[in-house]
Structure formats: structure tokens, C-alpha cells
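FYI, side chains are in, hydrogens and waters are out, and symmetry mates aren't considered; it's all heavy atoms of this structure.
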Amino acid sequence: MQDKIRERKRRRGRSSLTDRTILGPAIAGSFKKLDPRLMARNPVMFVVEVGSVITTIIFTVDLFNGTAGLSGPNNNLFVGQVSLWLWFTVLFANFAEAMAEGRGKAQAAALRKTRSETIARRLVDGREERVASTQLKKGDIVVCEAGDIVPGDGDVIEGIASIDESAITGESAPVIREAGGDRSAVTGGTKVLSDRIVVQITANPGQTFLDRMIGLVESASRRKTPNEIALNLLLAALTIIFMFATVTLQPFAIYAGTSVTITVLIALLVCLIPTTIGGLLSAIGIAGIDRLLQRNVVAMSGRAVEAAGDVDTLLLDKTGTITYGNRQASDFIPAPGIAIGRLIEAAELASLADETPEGKSIVALARRLGSNNVSAGQKDMVFVPFSAGTRMSGVDLDGRSIRKGADDAMGRWSGKQVPAEITESVATIGRSGGTPLVVGENQTILGTIHLKDIVKPGIRERFAELRRMGLRTVMITGDNPLTAAAIAKESGVDDFLAQATPEKKLELIKNEQSAGHMIAMTGDGTNDAPALAQADVAVAMNTGTQAAKEAGNLIDLDSDPTKLIEIVEAGKQMLITRGALTTFSIANDVAKYFAIIPAIFFAAFPELKALNIMRLHSPNSAVLSAVIFNAIIIVILIPLALRGVRYRPVGAATLLRNNLLIYGVGGIIAPFAGIKLIDLLLTAVHLTA
């Protein structure tokens, strides 16, 4: 676990905002993105670019003509500065997007190193032929032995092998892949460490898992999510509204006996439209995918990340997510008249040869409680392995016949009626969600062992946090309803589905969705594929089958079922970040309005000086200060857009209040302080009239 934590820290450090391998290309990318065909995808910043071009033309014409024909008397320096800062505004917005993309491209570059021209051993009519991996097609059969690189994505159809997947997952520990079951999928670019396997290729060239990962993390194929599209439409609508409002100011100024230059009108428009969120919106979306990638989760679409933020119901497997999955001995309950020490000794002896996790836990618990059985006498022991027929196991030693097993099987073995106290303890353990094992010696029942499916520490508190977020948790298990209810109560989940089958899972998801809920679930088997395909957020385990991976829209390279909770938190963080910066951007416009409007008109209407509450030095100083602040604030907010607003598990009402207080009020106050400070600096260095 510590190695995994260090590896994730290393990845985060590698994609730092100050990483030169990202910073340099991002600066170059900022200029490449000035292409109007690219800028047109972002209406807000496209308007800023058009304004930059117009002011540049005005400045250039006046500079070469040596007149003030376009900019007004003695205004050329002012126009040049406005034009320069408008270009900076566009470049800073492009830089934010390029930085987000650069972190993805750094990940993609690392992934490309794993994709090499591999020679595959393809089977044709029982004969091997060597072909390039790029020639493999879906359905081809290939052979891989120790030392070979797996030539493409596929399923193991014969054999078992140890696979090194560190090139894909970053995890150094090898994994086992075998034919049949839910651990048969292999990924192209991984290495076979032992044995021999036969693999059926499941993806055509260019459509492999690695190809899709590279395309997605580079953001080249990232499509905007529905909420992002809706927000873009809102920003475009606000831009059009402010454009009409700005244009009408000129006739109003002429009527009032004054005039407003084109440069000032453009500056006013740029400052009033939501340039802050317009410049950062794309970066927020790309960074959301990148944050999941840092957690070793590949989002197959931006829609999946956003959907994770909207999820309100989590379907969680009991085994591996809520519990450890290995039943552990937790207590010895002696029968009436039997000493506890005798029961512990017999239970330990009966479990010495039991290599199951349950058997080992019985021995470990016995020794913690003081049992001192030694293995020296094992030469004379005859161990009796567990069988489905007897449903017992045990040992014969020095005339002693010791057995442990199910209560009914032990009753038949003893030939006597099981004591009522033992029957009651068996029922109590079952009701608590545990598994009872009865221990006997020479046809005498000694007592009961309580095997408990251990709930992971802290999981109850985690579910309480999710509940405060408005998330409902549902446990999915194959246990009987009685056991499932006990585990659900101990872990603190809101509901459970017992004796779950693929049909029951699918039906549950459909019922929840018909009630208006957004569902997230994890799965790794072929039998999970229908439910994964139906869920809004479907996290497939990388160790799972190809069918599960194709049905999921997120793939966890670590194959950790508990990561579903982190994925939902990452999705909500992206939505919270987008909402916070949108609030801040719109609030900013209010302050900039008070900076520019009085500056434009107080020459014609002295009464408007009362609105110049910042006491800015001059009209030109006010306009230029607002434009400079408008550009600089984008740079200041880039780290926040890429790292995300800190996520806290609070309710929607609390979240809205905090958002308005911090980013709403802060968005109003910050420009007043910032614009005033810039005005003082401009005045001190005499850059404005």
C-alpha cells in the first residue's frame, strides 16, 4: 500500500504546474490555439480575440499615420496597452487549456513507451506463424510464453500465467490471468512472466485499450459533457446580450453630447462578458479526467466524469468493498460443562492443516488466547481434509478424533442430539451475519467457533459522510437475507440486495433509474456486464473480463472496488469547481461595471462621479486597470481550475451557501481591491493620461 501511495505522489509530482516538460509546450500551445478556427469553439474568448484584432488595427493605423484619426487625440498609447492586455487575456485562457492538455499528454507519452512493434505468434490451423502485432485482428488466436509481450487486448482461452502489468497500471506486483472466470482479460503491452497461455484477440488495431487511453488522456477526442454544453450556451447568450448592450452605449453617448471610442467599447464588452469562466471552462473539464487518471482510473468519456458528480445512489459489492472477504475467527463459545481451554485446543488441532483463510484465522485466534499446541507431534497426526460430502475436516491423533464443521453435519457425526445451547449459539451467530463452525471430539460436541466477515474499519463513517452528501448506498451480496441484513446494519449502508443475480442487479438499477436516481456501480465479471451497461457510472476492474471493460465507462487500473467512492468524489469536485468559478466570474463583472461605466460618462454627467467609488485616477486609467485585472485573474485561477476546489462532504444547501459566500462575495470584493491597486501602479509609472 505504501508503494502505491508513493507511486501516486510521484505521478502527481510529474504533472506539477511547474514541470518544464509541460510548461514549455503549454506556452507554445497558447499561441497555436490563436487559430480562429479553434477559438470559434469558445464564443466568449473568440469575441475577446476579435476585439484584440480590432484594437491592434486601430493602434497600428494611428502609429503609422502619425495621427489620432481612429483612437482620438493623444490616445494611441492607451489603445496599444488595451490591445496588448486583450491579447494577454486570450493567451492566458489558451494557456489554461494547454496546461490541462499538457498534463494528459505527459501521461500519454508514458503510455506510448509501452506500445511497441511486437512480434505475435499467431495460430493458424494449429500452426504458429510470426506476424507484427499491428496485423492482428479481432478473433485471432495467439500464443504467449514466459518473456513474451502480449501483442494485443484479448481473453485467455487456455492456460494460466503470471503477468507484469506495471507498464499500464504502475503496480509492480504481478497478477494471475487464467482461462475462464473473471480474470481472463489481458492487455496489449503487458509482459508474460511465467507459463504459457493462449489468447483470443478482442480488439482490432487502433481500437485497443491502450489506444483509447492515449486518445482520451491527450484530450483530442474529449467531447463536451451535457452540463458543459449548457454552460457554454449560457455564456454565449450572456456575451450576445452584453454585446447589444455595449453597442447601444454609443448612440446614448452621442445623444448626451459626448463620445466613446471603439477601444473603450471593446474594453467594456470584454470586461462585462464572463471571460474568467469562459477561459477556464475547458481546462476544468480536462483536469477532471486528469484527476481520475492520477487515481489510476481511465475515463472512457468526459460524460462519465460529470455523471459521477451527479450520482446519488452507489451500488457496492459486499466482498472487497465493505468487508475484507475473508471470514475470520472472532470467538470460541464452549458447550455447557466444557472448559474454554479444551475447546480452543481442539479447534486449533483441527485447523493446523487447514490452509484456507478461515482455518488460518482459527489457529491465529487460538494462539492469541494462549493455546500452546506445537507442531512437533504432527508426525503422528492424520489430517482429514474437508469434503463436500461430509462437510467436515479435522485430525486423528493418539486415539482422539477431532472434527469441525457445519452444525447438522456434526450432529450426524456425533450420533447424538446437538445440545440446545449449541443450537442457540449457531442461530445467534447466523443472525449476526457470521458463520458458525461446531467443534467435537470423540463424538462429543465441545462448542462453536464464530467466523465473522470483517467489515473494513472506518467504512461506517465513510458511509455517514456519503449520506451527508445526499448519496444513498446499496450493498450487493450473494449472502442470504439474514446475513446480508446483519452486515448492512454493522456497516451502515442504507439498503441491500441479497442473493443477487445478474437479473436482480439489472432490475434494481432500472427501478432506481425510473425513480429519477443516478446510479454508480462496480463490476469485473461477464455476469456484471448487463448491469454495468445500464448504470450511469460503470467502473470496470482492469482485472476483469473484456465484456465488463467494454460495458463500463470508467476502468480502474488498480482493480480496487472501494475506489468507486473516490470516483464519485472526483466527479463532484469537478462540478463544484465549475460552479465556484462560474459564480466568481459573474460576480467579477459587477465590480468591473462600477469601474468602467462611471469612467466613460462622468465627463458628460458629473453626477456619475458618485459611482466612482474606487476613486480611480482617470477614465483611461479605470478602463485599462479593469482590462489588466480581467487578464491577470485568469492566470491566478489556473491552479485552482486544474487542482479543483477542495471537496467537502456537505449537503447541497451548505454547499450553495459556502459557494455564494466565498466565491460570490469574494468575486465582488477581489476586483475592487485589484483594480484599485493596478490603478495606483499605472498612475505611479505614468502609463495613463
Begin from the C-alpha positions of I509 and E512 and carry the test side chain to side chain contact (heavy atoms under 4.5 Å, CB included) through to its verdict.
CA-CA 5 Å; I509 293 174; E512 293 286 339; 5.8 Å; no

Evaluation steps, side chain to side chain contact (heavy atoms under 4.5 Å, CB included), between V90 and M39:
CA-CA 9 Å; V90 180; M39 294 298 301; 3.6 Å; yes

Tell me the closest heavy-atom pair linking V44 and P274, and the distance in Å.
CG1-O, 3.7 Å

E49 side chain near L34 side chain, heavy-atom distance below 4.5 Å
yes

Under the 3.5 angstrom rule, does the side chain of T248 hit a backbone N or O of A245 as a donor-acceptor pair?
yes

Within this structure, what is the CZ-CG distance for the pair F95 and L91, rounded to the nearest 0.5 Å?
10.5 Å

Any Lys/Arg nitrogen of R462 or E569 sitting under 4.0 Å from an Asp/Glu carboxylate oxygen of the other?
yes

Main chain of G492, side chain of R467: is a donor-acceptor contact present, judged purely on distance under 3.5 Å?
yes

What distance do I459 atom CD1 and L316 atom CG have between them, rounded to the nearest 0.5 Å?
7.5 Å

Quick one: closest heavy-atom pair of R472 and D495, and the distance?
NH2-OD2, 3.3 Å

Can you list the steps and then say if D556 with T522 is a side chain to side chain contact (heavy atoms under 4.5 Å, CB included)?
CA-CA 9 Å; D556 177 18; T522 61; over 6 Å; no

Flag side-chain contact, heavy atom, 4.5 Å: L281 against L235:
yes

Minimum heavy-atom separation for S491 to I322, with atom names?
CB-CG2, 3.5 Å

Are N42 and F46 side-chain neighbours, meaning at least one heavy-atom pair lies under 4.5 Å?
no

If only atom types and distance count, is the side chain of T313 paired as donor or acceptor with the main-chain N or O of I519 below 3.5 Å?
no

Interatomic distance, I58 atom CD1 to T261 atom OG1 [nearest 0.5 angstrom]:
7.5 Å

Shortest non-hydrogen contact from D312 toward G516:
OD2-O, 4.3 Å

Any side-chain heavy atom of L269 sitting closer than 4.5 Å to one from M243?
yes

Quick one, K563 and L554 - any side-chain contact, counting heavy atoms below 4.5 Å?
no

I'd like to know if the side chain of N588 and the backbone of P671 have a donor-acceptor N/O pair within less than 3.5 Å.
no

Checking K33 now: which residues fulfil side chain to side chain donor-acceptor pair (under 3.5 Å) with it, not counting sequence neighbours?
E101

Which heavy-atom pair separates I284 from L581 by the least distance, and what is that distance?
CD1-CD1, 3.6 Å

Under a 3.5 Å distance rule, please check whether R643 uses its side chain to pair with a backbone N or O of R291 as donor and acceptor.
no

Has Q513 got a side-chain atom pairing as donor or acceptor with Q534's backbone, closer than 3.5 angstrom?
yes

Least distance between heavy atoms, S585 atom then I277 atom
OG-N, 3.3 Å

Using the side chain to side chain contact (heavy atoms under 4.5 Å, CB included) rule, take F59 and V82 through it: C-alpha gap first, then chi angles, then the decisive distance, then the call.
CA-CA 10 Å; F59 172 74; V82 170; over 6 Å; no

According to side chain to side chain donor-acceptor pair (under 3.5 Å), does anything in residues 83-96 pair up with another residue at least two apart or in another chain? List the pairs.
T55-S83, T56-S83, T56-W87

Find out whether L682 and I678 are in side-chain contact, i.e. whether some heavy atom of one side chain is under 4.5 Å from a heavy atom of the other.
yes

In sequence, state the C-alpha distance, the side-chain angles, and the governing distance for T275 and N630, and then conclude on side-chain hydrogen bond (donor to acceptor under 3.5 Å, both in side chains).
CA-CA 8 Å; T275 50; N630 194 60; 2.9 Å; yes

Working to the nearest 0.5 angstrom, can you tell me the gap between I628 CD1 and I633 CD1?
13.5 Å

Answer whether the closest heavy-atom distance between the side chains of F463 and I565 falls below 4.5 Å.
yes

With a 4.5 Å cut-off on side-chain heavy atoms, are R578 and M574 touching?
yes

Let me confirm one number: the CG-CZ distance from L640 to R646, rounded to the nearest 0.5 Å.
13.0 Å

Within this structure, what is the CG-CZ distance for the pair N620 and F78, rounded to the nearest 0.5 Å?
4.5 Å

Donor-acceptor under 3.5 Å (N553 side chain, D536 main chain):
yes

Side-chain donor or acceptor of D494 paired with backbone N/O of T473 under 3.5 Å:
yes

